[in-house]
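Letters A, B, ... are given to chains in the order of the sequence lines, protein chains preceding strands, and every chain is numbered from 1.
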Number of protein chains: 2
Amino acid sequence: MPSTRLPILSMRQQICDALRGEIMAGEISSNEPVREQNLAKRFGVSRNSVRDALLQLSQEGVLIYSPNCGVRVGSPPTQKESRLYAKLRREIEMHSLEVTLSSWTKEDDCNLNRLQRILSAACEQRDLKAITETDLAMHRYWVSKASKELESVWLGITVRMLIAYSQLNNFMQCSLEHAAIVEAIACRDLSAAKKAVELNIRSK
Amino acid sequence: MPSTRLPILSMRQQICDALRGEIMAGEISSNEPVREQNLAKRFGVSRNSVRDALLQLSQEGVLIYSPNCGVRVGSPPTQKESRLYAKLRREIEMHSLEVTLSSWTKEDDCNLNRLQRILSAACEQRDLKAITETDLAMHRYWVSKASKELESVWLGITVRMLIAYSQLNNFMQCSLEHAAIVEAIACRDLSAAKKAVELNIRSK
DNA sequence: AATTGTACAATTGTCGACAATATGATTATT
DNA sequence: AATAATCATATTGTCGACAATTGTACAATT
């Protein structure tokens, strides 16, 4: 019997996560087209699985899809759009905290602490890609707990925001802010948690 | 040279639109699973195209996807969620109007008027499915004009809201509200347009 | 009788091949 | 020489088939 508790991620999901990480870290130019064949060879899977992943990322707003012409990386949001995204994110995460905090378990605490340790380490090493991914994973945790349907909406907004994330200057601040969030949640202090999350979500 | 001006919709898009309409109109139960094979036969296409469509609808939040177990129709949002969705929608549509109205063309007026006529007719005939679809198409018009990336975020929110739309009681009000929006836009009156849209978007 | 184990059917996941379409280079025409 | 038409290549769209997985009915065991 398999020892892993975690569900085995589908091929599509793995490719999605990998590409999303690279795009958010700015490793793929906004101009050069993304080719299905190349990715298929690179991941060692069929073009069909890659297509599914690209389609999903298009739906998330990370990639822009043009029929018969493939996909390209979406351009970063304007300042006005960034402010809008930040506002939407705050609304969703405030809602999620309100809904979930009452049924928060010790296991949730444990999971969140684990992510916080990863984030802290990534900040110390100035590993931008890891920081972005873990940051995303932490916020995603409480949103996902609130509602799977809401999660997909939230992801689209947040990923779009983080595309412009590349120039993060203060690494320690990022770690500290999330530590404050985790701490507030551990105390089941809703208003403190909301305040801490609200501070962390801002347009760059 | 081809005579059609409109872009030919991909198979996936056609299936998406059809299924989304049916789901929003409540024609598919929330319990019965959606089978790829059935849909493939029904639309006369391969299972692969259906898969793409189901995947996209899952990403929109209309369907819930479980690996190796297919998809099912998402459950309607709670009242608290509905209020959240309404708030998010208002924010996005206000933003879109602000951004687009200055570059609104006569062609846009024409397109919107056409949709309004369709909506009006659908309201008179009490055709709930047509009403929902046209309502969606109208709002989508200005959001899409503002930003393709924003559009996908908006669509996820709005479709989720409209799933619970089934019990629309006052058909004429719907038509009148949209007429007011179109009128305000035709006059390029931003604040009136914003007010009219804001009134129209509410949690049921 | 309840529980476990096993074979079977139904369904989703993945693949390679071919068709349709777009892009770019080449040739023919004025 | 400039432009238009044509062909060649590359890329995406679609398909049918097979592999992997899940759920279920049924038999074997205690």
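- Listed by first and then second residue, the ring-ring contact (aromatic ring centres under 6.0 Å, His included) pairs involving residues 85-140 of chain A are A:W104-A:Y141, A:H139-A:W142, A:H139-A:H178 (not counting sequence neighbours).
- In this structure, B:S46 reaches the D:dC15 phosphate: one of its side-chain N or O atoms is under 4.0 Å from OP1 or OP2.
- Under the salt bridge (Lys or Arg N to Asp or Glu O under 4.0 Å) criterion, A:D189 pairs with no residue at all, not counting sequence neighbours.
- The side chain to side chain contact (heavy atoms under 4.5 Å, CB included) check on B:L55 picks up A:R12, A:D52, A:L55, A:Q56, with sequence neighbours excluded.
- With rounding to whole Å, A:Q13 atom CD is found 18 Å from C:dT12 atom P.
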Detail all sub-3.5 Å separations between protein N/O atoms and N/O atoms belonging to nucleotides 20-23 of chain D.
| unit_1 | atom_1 | unit_2 | atom_2 | d |
| --- | --- | --- | --- | --- |
| D:dT21 | O3' | B:N68 | ND2 | 3.4 |

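- Interface residues of residues 33-45 of chain B facing DNA chain C, ordered by number: B:V34, B:R35, B:E36; criterion, heavy-atom separation under 4.0 Å.
- Less than 4.0 Å separates DNA chain D from at least one heavy atom of each of the following residues of residues 48-62 of chain B: B:N48, B:S49.
- With no hydrogens or angles considered, a side-chain donor-acceptor pair links B:K148 and B:S144 at under 3.5 Å.
- Contacts of A:S120 classified as side chain to side chain donor-acceptor pair (under 3.5 Å), with partners at least two apart in sequence or in another chain: none.
- Toward the 5' end of DNA chain C, the nearer of the two residues A:R47 and B:Y65, judged by each one's closest nucleotide, is B:Y65.
- Judged as a side chain to side chain contact (heavy atoms under 4.5 Å, CB included), and not counting sequence neighbours, the contacts of B:E198 are B:R90, B:M94.
- Not counting sequence neighbours, B:K129 has no partner by the side chain to side chain donor-acceptor pair (under 3.5 Å) test.
- Among residue pairs with one or both ends in residues 57-84 of chain B, none qualify as ring-ring contact (aromatic ring centres under 6.0 Å, His included); sequence neighbours excluded.
- Looking at residues two or more places apart in sequence or on another chain, you find a side chain to side chain donor-acceptor pair (under 3.5 Å) between A:E22 and A:R42.
- Rounded to whole Å, atom P of C:dG13 lies 14 Å from atom CD of A:Q14.
- Qualifying side chain to side chain donor-acceptor pair (under 3.5 Å) partners for A:R35, counting only residues two or more places apart in sequence or in other chains: none.
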